[in-house]
Amino acid sequence: MNQKFFVFLLRYLFAGLFLFTVANAYAEGKTENSGPTTDYISVTAANTEIDLEDLEFMILPLTKAELEIEAVAWQKVLAKKVREISNGEIKNNLLIRETEILEEMSDAAEDVTEAATEGDTQDLSEAKQTMMETSGNLSAKSEDLKHLASVPPQELEQKISKEGEKAELIQELLAEELVLLRIEQSEIVTRFAIILDKLKQKGGDVTELKLYTDSVSGIQVDIGDTSTAWLALTAWMQSAEGGLLMLFNLVKFILALCFVWFLSNLAGRLADRLTQHSAISSLLERFIKVAARRVILFIGFIVSLTILGFNVGPVLALIGAAGLVVGLALQNTLSNFASGVLILVYRPFDVNDIIKAGGVDGIVQSMTLVSTTIKTLDNQLVVIPNNSVWNDTIINVTGSTERRVDMMFGIGYGDDFTKARNIMQKILADHPKVLEKPESNVRIHELGDSSVNFVCRPWVKTDDYWDVYWDVTEAVKREFDAQGVSIPFPQRDVHLIPSVQLAVNVNETKTEDN
């Protein structure tokens, strides 16, 4: 009984412990995931000029819920700044309209002054009526300007001119204030974008906030107003996050490009040093050097674009899409490219080799990944697509250091063939460029129609092939003539049968048939 009770008690204890652990873990997870949605207060939006790096470090440990609070706070700051800009634009438009009205009143004042000077009562009355109608378009804040119509004509034009200058001055000050407000708005948008990016990384939905930011972003300047445009440009150039930031980023971009150029040259020299002691072809060696430089330059340039604020993600996607289109359009060129890579890898020939490929014989001058340039033996430059070279039989004449010279000499049937063979063997033994090993071969090759033909096959260095060929041919001719060995020319023995005998033979043949 006691044992059963003890087991029962242990079961309940373990079950209670398990439920407590699960409940505690669930509570902690819920607290961690939900975050302090009620107690947390935004700390970054209080300073709209906070340093960008400091802002990134401050929001790094925040949860999604805390970042949502920060995003809402920054949206309120941005909305407040947008309202200030909107009110300023309304005032600016009002000043512009009043300035135009004052210009019309100034023209009417000239008519009043002119009519008063000439003493024309009717014209003076019409000019004052025009003045009253024009002043009626002024805003309620400019009621004092409406009384200009009652000013004596001598003072009217001067007073309107002063009011116009005053309005233009106010307009310039307001335009300067608007430019500064828009620059402040741009700075707020930049920091707000950092908050939104971090919130998106942590799983938050920023679609609506992004739409709002995009709709109010940007500095709008009326280029028709040159003074305002110049003021906006000057203020932007002097802004810490405008022209000064762009200038600083441009300097960093140039320095980064210089560093990339230095790295590319260093990579080229390193590749040159590594390939000097490796058993690779000169073509592959050149390709590795050039590829090392260009790849680093390309990657370095793409990475350096981020300094100027460019998003390289879409650029890389665009390059990939363009590569696909170009690849489909240039299939033959890519086939030549692939053949060029295979030639570089398998090395069937090298620069300065004499080859026979693509129907061309000559010396390899250079090679790219698309084509091979060959200088023919009569000094013509021929450019062959690599696909034609790789898909054809490639004969590398100078691929080996030694070659066999195949020659054939014929003597008459009445000549001493042993004497002729000794002459050829002596010529080969005396020639300085004929190799002792492998041993030269002089043998009777065939009994031709007009001559007994010998094969003469000495071994030579590849560079001495034609020198030995021409020297031995000349020496054999000279020695054969000197020692009475004939070199017969093609001849045929013709036996003539008399016509009478031919007729008798034909008649005998017919009688036998009968």
Side-chain angles (χ1 to χ4, degrees), residues 25-86 179-220 235-236 238-253 255-256 302-317:
Y26 175 79
E28 290 180 356
K30 185 176 181 181
T31 303
E32 181 179 357
N33 292 331
S34 61
T37 55
T38 56
D39 298 336
Y40 183 79
I41 300 175
S42 173
V43 295
T44 61
N47 181 14
T48 58
E49 298 181 358
I50 184 174
D51 186 76
L52 298 180
E53 294 183 358
D54 293 344
L55 177 62
E56 292 181 353
F57 285 122
M58 289 179 65
I59 64 176
L60 184 61
L62 299 183
T63 63
K64 183 181 76 172
E66 293 170 344
L67 284 172
E68 289 175 350
I69 296 175
E70 293 287 349
V72 171
W74 277 98
Q75 186 187 25
K76 291 180 180 179
V77 173
L78 179 59
K80 180 180 179 182
K81 188 62 64 175
V82 173
R83 280 193 292 270
E84 292 180 8
I85 295 174
S86 299
V179 170
L180 296 177
L181 287 175
R182 289 192 178 278
I183 292 176
E184 293 176 0
Q185 175 195 354
S186 177
E187 295 176 353
I188 294 173
V189 168
T190 301
R191 289 158 175 80
F192 190 22
I194 295 176
I195 299 291
L196 294 180
D197 290 341
K198 186 61 67 175
L199 176 58
K200 184 178 180 180
Q201 292 176 7
K202 296 187 177 181
D205 185 10
V206 298
T207 304
E208 186 176 350
L209 297 175
K210 277 278 190 182
L211 291 175
Y212 178 80
T213 306
D214 295 339
S215 64
V216 300
S217 298
I219 299 179
Q220 302 175 357
W236 180 82
Q238 295 176 353
S239 173
E241 296 186 8
L244 294 179
L245 179 61
M246 179 63 71
L247 179 61
F248 183 63
N249 289 340
L250 184 60
V251 172
K252 291 195 297 184
F253 176 72
L255 293 177
I302 295 297
V303 174
S304 299
L305 287 177
T306 58
I307 298 176
L308 296 178
F310 290 100
N311 186 5
V312 297
V315 175
L316 295 177

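Just so it is clear, the values below take in all heavy atoms, side chains as well, and ignore hydrogens, waters and symmetry mates.
Heavy-atom contacts from other residues, nucleotides or ligands closer than 6.0 Å to NZ of Lys202 number more than 12. The neighbour count for Lys80 NZ, taken as heavy atoms of other residues, nucleotides or ligands under 6.0 Å away, does not exceed 12.
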Exercise for review: Please step through side chain to side chain contact (heavy atoms under 4.5 Å, CB included) for the pair Thr48 and Glu187, ending with a clear verdict.
Suggested key: CA-CA 8 Å; Thr48 58; Glu187 295 176 353; over 6 Å; no

Practice item. Report the C-alpha distance between Leu62 and Tyr40 in whole Å, list the side-chain angles of each, state the deciding distance to 0.1 Å, and finish with yes or no for side chain to side chain contact (heavy atoms under 4.5 Å, CB included). Key: CA-CA 10 Å; Leu62 299 183; Tyr40 183 79; 3.6 Å; yes

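At distances below 3.5 Å, not a single donor-acceptor pair connects side-chain atoms of Glu70 with backbone N or O atoms of Ile195. Panel note: side chain Arg191, backbone Leu55; no donor-acceptor pair is recorded below 3.5 Å.
Rounded to the nearest 0.5 Å, atoms NZ (Lys76) and OG (Ser42) are 9.5 Å apart. For the atom pair CD1 (Ile188) and CD (Gln75), the distance works out to 12.5 Å, reported to the nearest 0.5 Å. Between the CD1 atom in Ile59 and the OG1 atom in Thr63 there is a gap of 12.0 Å [rounded to 0.5 Å]. In this structure, CG in Leu60 is found 9.5 Å from CD in Gln201, a value given to the nearest 0.5 Å. Rounding to the nearest 0.5 Å places CG of Leu78 at 10.0 Å from CZ of Arg83.
Listed by chain and number, the residues in a side chain to side chain contact (heavy atoms under 4.5 Å, CB included) with Asp205 are Thr207 (sequence neighbours excluded). For the side-chain hydrogen bond (donor to acceptor under 3.5 Å, both in side chains) test, no residue two or more places apart in sequence or in another chain qualifies with Glu56.
We find that Asp197 and Lys210 are joined by a salt bridge, their nearest charged nitrogen and carboxylate oxygen being less than 4.0 Å apart.
Across all non-hydrogen atoms, the minimal contact from Phe192 to Ala71 is CE1-O, 3.3 Å. Taking each heavy atom of Trp74 and Thr44 in turn, the nearest pair found is NE1-OG1, 2.9 Å.
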